[in-house]
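Structure first, then comments.
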There are 2 protein chains.
Amino acid sequence: MRPTIKDVAKLSGVSISTVSRVMNTPDIVSEEKRKRVEEAIRELGYSPNALARGLISKQTHTVGVLIPDISNNYASELVKGLEDAGHQTGISLIICNTDRDPERMVHYLEILKQKQVDGIVFTSEYFSEEYARIAAKHRVPLVLAATHTTAAELPTVKINDEEAGFDAVQYLVKKGHREIGMISGPKDDLVAGLPRYLGYERACRELLGQTDLEERVDYGDFRYEGGYTAMQRLYHRQPDLTAVFCASDEMALGAITFLHERGLRVPDDISILGFDNTKIAKISLPKLTTVAQPIYQIGREAMKKLNRLTAGEELIELTTYLRHRIIERDSVKSI
Amino acid sequence: MRPTIKDVAKLSGVSISTVSRVMNTPDIVSEEKRKRVEEAIRELGYSPNALARGLISKQTHTVGVLIPDISNNYASELVKGLEDAGHQTGISLIICNTDRDPERMVHYLEILKQKQVDGIVFTSEYFSEEYARIAAKHRVPLVLAATHTTAAELPTVKINDEEAGFDAVQYLVKKGHREIGMISGPKDDLVAGLPRYLGYERACRELLGQTDLEERVDYGDFRYEGGYTAMQRLYHRQPDLTAVFCASDEMALGAITFLHERGLRVPDDISILGFDNTKIAKISLPKLTTVAQPIYQIGREAMKKLNRLTAGEELIELTTYLRHRIIERDSVKSI
DNA sequence: GTGAAAGCGCTAACAA
DNA sequence: TTGTTAGCGCTTTCAC
């Protein structure tokens, strides 16, 4: 059996209250007893039982993280940001990989409730009405990271995807491009799909006076293969595009592979702009020019926001927008 | 306040023991009371407090995962395997990103002890004497995943890196290569550095009768930049190599980039063999031929092993070796 | 400054 | 089958 507070009390010849005081408010304990207790703690290798503590204090210093797919580059960088910020404030993370499965999601919410987490960070996936309903019942502080929702008024940390889409096109326009296509995420993806597309559309309209964009846009699922086939379709319809804005780095690489196989060179024959600035953007050939999300920072800020929430502080702003920026590498050229 | 077992008892007009029984051993409760209790639970939205349960049962259904860098591709895939297996058996994961910082590591071990985790999975990094000493004091079940140690007799799940190194060279030999270089990890890396190098060395000796290999080997830190500069040095010393075996996919990509910049084409002018089969291997240009570690499976098996351990079962084998295999893509050609 | 005692929410004897 | 009670390890009054 592991030593308990009783064992420490016995060994040092004081009451358990005094031991407790040494751990929580050492200043109010006489120096002599404090030393004796500290010595006993060391000797026994005692550590307090966080379950017992949590049972009383109603705090577990643990938060749940709901994430669609931890193995994905982008998600794991976000988790790292959460973890680093958590570590600094003494918060542990319980990772829940939902696989985008609502049932699994609901199950995790129940587990987290039972484990008495101090809060929950929900990431990446659109926060549906169903989730909002369940979460409301649980009355646990909740922060959205790198996603958003219209189903409730929830604290959120993210970039402004519509603006990012706009800026991406603006960048290409500045580089002299006028025939700009897009490989978008699904339009029913309210997080990284539709908003980026809308930004693209607005930029084409406001900057180039172009309106009928449908033929210049194709769709993928943010993955490599999706980018490949989208580029294939797009190229057959619109062989004269000089640049394509892709809603993810992976799709950008898929597009590049297709073009490469067709004998077209990036960026000499056609420019490709990615999105996310994942690790692969730095190590691909050519290196990807891309719209960077400060994803690690989003993680950090989300955790800080959650901390404020659990501390009962007033939030300065409900939604925090972090700045995206364009990282210039080798996949876009001036024309 | 959240409803407790008392509230349920009161509402359904039974004792708290009966409520407890409904949750744990429903069969021994009369149908009538069971129904009443279940109804009350639903009405109140009651869930049991896992802290209180854990305090008595001495089980938290939570395990700690110590990981050097969660944002890394390889690590997050491993975590996914752990998480999936954990989810199936009702185990939650507390993720601890150690940043390879011994202090942080020691701190996490203390936290996990306090939180009364049922076990710990230690991943990727070599398990040092110091860690072994601390862990031994904590008396918590511990499994190593994708790493090993000579500091203690610990349950382990991994591939056989020496054999994998051997097989990599053997594969290249079968493809007709005789002038084979290597970009190895650091030799003092006892996990993914030295063993793979030793496999390479043995294969060169046994298969090709070559012994003086020093000039043909260079070293990197498993990262892209490390692969780039290692290839640079290697190429200047040994321009006649027909194939280079890299101890990680990232280093392989770094090497390819260097060669590309020198005007050499992979695989036409020189073949490159990677290691890990990370996501980037599938989406690089050319697609990487690589030694695949079943990293997701390693995660799953490690969690299963830990479950057996905490259940007090006898382990069939201390170290479980999972099979590596070579994934043929486009970066190696026959000569 | 210190100790005794109550109690956090639950499970597990023990009686009935 | 059910209820009463002790107690898991700790914090926090409340006296002294």
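Below, each value reflects all heavy atoms present in this structure, side chains not excepted, and no hydrogens, waters or symmetry copies. Per chain, numbering begins at 1; letters A, B, ... match sequence-line order.
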Sorted by position of nearest nucleotide on DNA chain D, 5' first, the leading residue of B:Val29 and A:Arg2 is B:Val29
How close or far is atom P of D:dT4 from atom CD1 of B:Ile5, stated in whole angstroms? 14 Å
What do the steps show when you test B:Lys113 against A:Ser47 for side-chain hydrogen bond (donor to acceptor under 3.5 Å, both in side chains), and what is the final call? CA-CA 8 Å; B:Lys113 185 183 174 189; A:Ser47 356; 3.1 Å; yes
For atom CD of A:Glu31 and atom C1' of C:dT2, their distance in whole Å: 17 Å
Look at the side chain of A:Asn24 and decide which nucleotide, out of D:dT11, C:dC10, D:dC8, has an atom nearest to it. D:dT11
Whichever of A:Pro3 and B:Ser30 has the more 5' nearest nucleotide on DNA chain D, that residue is B:Ser30
Using atom CG of A:Asn49 as one end and atom P of C:dC10 as the other, report the distance to the nearest whole Å. 16 Å
Ion pair present between B:Arg104 and B:Glu125, side-chain N to carboxylate O less than 4.0 angstrom? no
Any side-chain N or O of B:Arg53 below 4.0 angstrom from OP1/OP2 of C:dT11? yes
How many whole angstroms separate atom CD of A:Gln116 from atom P of C:dG9? 9 Å
Taken to the nearest whole Å, NZ/A:Lys10 to C1'/C:dG3 is 16 Å
Give A:Ile56 one of three labels, base, sugar-phosphate or nothing, depending on what nucleic acid heavy atoms sit under 4.0 Å from its own. base
Taking the minimum atom-to-atom distance to the side chain of B:Leu55, which one of D:dT2, D:dT13, D:dC8 wins? D:dC8
Round to a whole Å and report the spacing from CD of A:Gln59 to P of D:dT12. 11 Å
Under the side-chain hydrogen bond (donor to acceptor under 3.5 Å, both in side chains) rule, what do A:Arg323 and A:Gln297 come out as? Steps first, then yes or no, please. CA-CA 10 Å; A:Arg323 290 303 304 163; A:Gln297 281 300 328; over 6 Å; no
A:Lys58 has a side chain; which of C:dC8, C:dC10, C:dC14 sits nearest to it? C:dC8
Has the side chain of B:Arg21 got a donor or acceptor atom sitting under 3.5 Å from an opposite partner on the base of D:dG3? yes
Picking from C:dT11, C:dG9, C:dG1, which would you name as closest to the side chain of B:Ser20? C:dT11
Which nucleotide in the set D:dT2, C:dC10, D:dG9 lies at the smallest distance from any side-chain heavy atom of B:Ile16? C:dC10
Are B:Glu39 and B:Arg42 within salt-bridge range, i.e. N to O under 4.0 Å? yes
If the cut-off is 4.0 Å, is A:Thr4 near the phosphate of D:dG9, judged by side-chain N/O to OP1 or OP2? no
Check the phosphate of D:dT1 against B:Lys33, side-chain N and O only, distance under 4.0 Å to OP1 or OP2. Yes or no? no
Measure distances between side-chain N and O atoms of A:Ser17 and base N and O atoms of C:dA4, and say whether any donor-acceptor pair falls under 3.5 Å. yes
Which of D:dG3, C:dG3, D:dC10 is nearest the side chain of A:Ala52? It is D:dC10
Let me know the distance between CZ of B:Arg36 and P of D:dT1, rounded to the nearest Å. 16 Å
Sub-4.5 Å side-chain heavy-atom contact between B:Asn73 and B:Glu77: no
Upstream residue (5' side of DNA chain C) when B:Val19 and A:Asp27 are each assigned their closest nucleotide: A:Asp27
Between C1' of D:dT1 and CD of B:Glu32, the distance in whole Å: 12 Å
Ignoring the backbone of A:Lys6, work out which of D:dC8, C:dG3, D:dG3 is nearest its side chain. D:dC8
Proximity to the side chain of A:Thr18 - top-ranked nucleotide from C:dT2, D:dC10, C:dT11: C:dT2
If the plane angle is over 60° it's perpendicular, under 30° parallel, otherwise tilted; pick one for B:His87 and A:Tyr108. tilted
Pick base, sugar-phosphate or nothing for A:Met1, based on heavy-atom distances below 4.0 Å to the nucleic acid. sugar-phosphate
